[in-house]
Amino acid sequence: MIDNLLLLLSQNFDKSIISITVYLSCLIFIVFERIDKTIIAIGGALILILLGVFDVKEAINYIDFETILLLMGMMMIMHICHKSEIFSWLSTKIAALTKGNPFLIFLVFLFVTAVFSAFFDNVTTILIIVPITLAITKGMGINPKLFIVSEIIFSNIGGALTLIGDPPNIIIGSKVGLSFNTFIYNMGLPVILSIITIYLVLVLFNWKEIKPIKTNLSKLFLSYLLIKKIQLQFSKKVLKKRFIYITLLILILSILGFVYAHSLNISVGVLSMLAATVLLIFTTKEVDLNETLNKVEWPTLFFFAGLFIITGSLEKTGVLAYFSHGIISITDNFTYLLILVLWVSGIVSMLVDNIPFVTIMIPIIYDIQEVFSGNPHVSLLWWALALGACLGGNGTLIGASANVVGVSLASKEGVNITFLDYMKMAFPLTFITLVISSIYLLIRLTY
């Protein structure tokens, strides 16, 4: 296979150089944010087409339309949920439950985000949680950045738990034949330990921002006023029960659909759009189609489309596969190799979309399994790949879909989280989760 990769690289040497150059250039521009990231991604994709790395049809084939459809459908559903006042009701309940206490808000929101991400998917969870968080934190005068970035991180960690929580898990599960319960059994301990550890680290280093406000009379009064304001605003709303019941019913059915999509062999992207379409049909009196389409984050979708094409060029020219094989072939010691798979997956997933990377890594893992077929722990390679791809995606803003969506939602509400803002907070925490996963895999090797 290495010979085939070398042949592929030699045949596409010029295109490989172009792909690497365009990718690195786009990454630099995204980091420094002198130009909007959507323009950078679309521009990079167009340059690759114009320079002949691939034609238009090939470029389109590299766009993951399942992710695009999933995002588009959920954005439409979330707008309709907002119109039905479900989120206003939820905000009221959370505000009353936490009594405006920043510490309790932080605890409740992160816990809900992690749990929802495991049984929805992490992008859907971010679309639900972030708008509510922004409404409460901005109303209380709390810095929303800490809450938003923390929720993104927890969405990726929670999503790593199950087969349907994160796209890399869906790919690994379908290609390898791993069940929903198998994922929970093998991913449960490192995910739970990561959640507990990261939460404690966040509380320790951000205590001043989230500490209880029992002794601060001005903040207590402000929180009291905010809760009363939220409750008063909600009490004045004219709720349409039929609208709410239909929205809740279709939302619940779509969640169940996501849970059983793999066993039913239904695309989650198609399922998302189907739920949005059905919801629009049954709420035509309450919801305007044009308004709903205007609420779709089109720049975010175009950014993903461009990013898929750019990372696809690295896949087509053999750069990604050659890099993966080169790293994996460093050692023939299974223990080192297992940890190497984890960290390579984690680091690469910070820099490129983890969907094409996982797709490339699956046949490589199969090759390694053949070499170490007599090792009883050879199946741990799949969990190293899943942990690395899912948790590594937290490292940078472009590492996972949930990151981009969460920051875009915050930006729309005037909360600007830059690439470096995100990375300063997320990168050290990602390192911690990869260390926890390494210890977990090493312990698994002993029994």
Side-chain angles (χ1 to χ4, degrees), residues 20 22-41 44 64 67 71 113 117 122-123 126 130 145-146 148-160 166-168 194 198 201-202 299-300 303-315 319-320 323-324 327 342-358 361 385-411 415-435 437:
I20 294 170
V22 169
Y23 171 76
L24 292 176
S25 300
C26 289
L27 182 61
I28 291 169
F29 277 112
I30 290 172
V31 169
F32 289 102
E33 298 188 322
R34 295 301 178 96
I35 305 172
D36 186 273
K37 63 180 181 293
T38 302
I39 297 174
I40 295 168
D64 183 0
T67 298
L71 289 171
T113 299
S117 295
N122 50 7
V123 173
I126 288 298
V130 167
K145 288 186 180 182
L146 169 64
I148 301 303
V149 175
S150 299
E151 286 167 359
I152 292 170
I153 292 169
F154 270 67
S155 75
N156 286 318
I157 298 174
D166 214 0
S194 294
I198 297 306
V201 170
L202 285 170
T300 301
F303 171 74
F304 277 121
L307 193 63
F308 284 135
I309 293 173
I310 293 169
T311 55
S313 71
L314 298 176
E315 180 182 351
V319 173
L320 205 54
F323 174 78
S324 302
I327 296 296
L342 170 72
W343 283 88
V344 168
S345 301
I347 293 169
V348 173
S349 294
M350 295 180 195
L351 303 174
V352 301
D353 184 71
N354 51 22
I355 294 173
F357 175 74
V358 167
M361 283 296 294
L385 176 62
L387 286 166
C390 294
L391 301 180
N394 266 327
T396 67
L397 188 56
I398 62 171
S401 304
N403 310 9
V404 179
V405 172
V407 170
S408 296
L409 289 172
S411 177
V415 180
N416 184 35
I417 302 172
T418 68
F419 188 99
L420 293 177
D421 285 339
Y422 179 88
M423 191 171 176
K424 284 177 185 176
M425 182 173 169
F427 183 81
L429 300 177
T430 304
F431 181 84
I432 291 172
T433 60
L434 291 175
V435 169
S437 299

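Please read these numbers as outputs of a predicted model, since none were measured by experiment.
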(request) Would you mind telling me which of I152, I148, V130 makes a side-chain contact (heavy atoms from CB on, under 4.5 Å) with V407? (result) I152
(request) Please list, chain by chain and in numerical order, all residues satisfying side chain to side chain contact (heavy atoms under 4.5 Å, CB included) with L24, sequence neighbours excluded. (result) I20
(message) Could you work out, with side-chain hydrogen bond (donor to acceptor under 3.5 Å, both in side chains) as the rule, every residue matching N156, not counting sequence neighbours?
(response) N122, N394, N403
(message) Checking S345 now: which residues fulfil side chain to side chain contact (heavy atoms under 4.5 Å, CB included) with it, not counting sequence neighbours?
(response) V341, F357, L385
(request) Please name all residues satisfying ring-ring contact (aromatic ring centres under 6.0 Å, His included) with F427, sequence neighbours left out, ordered by chain then number. (result) none
(request) Locate the shortest heavy-atom distance separating I157 from S194; write the atom from each residue and the value. (result) CG2-CB, 4.0 Å
(request) Would you name the heavy atoms of L429 and I198 that are closest together and state the gap between them? (result) O-CD1, 3.6 Å
(request) With the side chain counted from C-beta on, respond yes when S437 and L391 share a heavy-atom pair under 4.5 Å apart, and no when they do not. (result) yes
(request) Indicate yes or no for a side-chain donor-acceptor contact from T38 to the backbone of P299 under 3.5 Å, with no hydrogens or angles considered. (result) yes
(request) Just jot down the side chain to side chain contact (heavy atoms under 4.5 Å, CB included) partners of I347, sequence neighbours excluded, or say none. (result) none
(request) Write down the atom of I310, the atom of C26, and the distance for their closest heavy-atom approach. (result) CD1-SG, 3.8 Å
(request) Output every pair passing salt bridge (Lys or Arg N to Asp or Glu O under 4.0 Å) with a member in residues 397-406, not counting sequence neighbours, ordered by first then second residue. (result) none
(request) Look only at the side chain of T433 and the backbone of T430, and say whether a donor-acceptor pair between them is shorter than 3.5 Å. (result) yes
(message) Tell me which pairs pass salt bridge (Lys or Arg N to Asp or Glu O under 4.0 Å) where either residue lies in residues 415-434, with sequence neighbours left out.
(response) K145-D421
(request) Would you check, one step at a time, whether the test side-chain contact (heavy atoms from CB on, under 4.5 Å) holds for F303 with I398? (result) CA-CA 10 Å; F303 171 74; I398 62 171; 3.9 Å; yes
(request) Rounded to the nearest 0.5 Å, what's the gap from CG on L434 to CE on M350? Could you check? (result) 5.5 Å
(request) State which residues pass side-chain hydrogen bond (donor to acceptor under 3.5 Å, both in side chains) with T300; sequence neighbours excluded, sorted by chain then number. (result) S408
(request) Could you tell me the separation between the CG atom of D64 and the OG atom of S401, rounded to the nearest 0.5 Å? (result) 8.0 Å
(message) I want to check something: taking the side chain as every heavy atom from C-beta on, are S117 and F154 in contact at a cut-off of under 4.5 Å?
(response) no
(message) To the nearest 0.5 Å, what is the distance between CD1 on I40 and CG on L27?
(response) 9.5 Å
(request) Please name all residues satisfying side-chain hydrogen bond (donor to acceptor under 3.5 Å, both in side chains) with T396, sequence neighbours left out, ordered by chain then number. (result) none
(request) Taking all non-hydrogen atoms of both residues into account, name the closest pair between M423 and G395 and its distance. (result) CG-O, 3.8 Å
(message) How close do S349 and A389 get, counting heavy atoms only, and between which atoms?
(response) OG-CA, 3.3 Å
(request) Could you grab the distance from atom OG1 of T113 to atom CD1 of I126, nearest 0.5 Å is fine? (result) 6.0 Å
(message) Do F304 and V405 have side chains that approach each other closer than 4.5 Å (heavy atoms only, starting at C-beta)?
(response) yes
(message) Can you give me the closest heavy-atom contact between S150 and L202, atom names plus distance?
(response) OG-CD1, 3.6 Å
(request) Please name all residues satisfying side chain to side chain contact (heavy atoms under 4.5 Å, CB included) with A426, sequence neighbours left out, ordered by chain then number. (result) I153, Y422
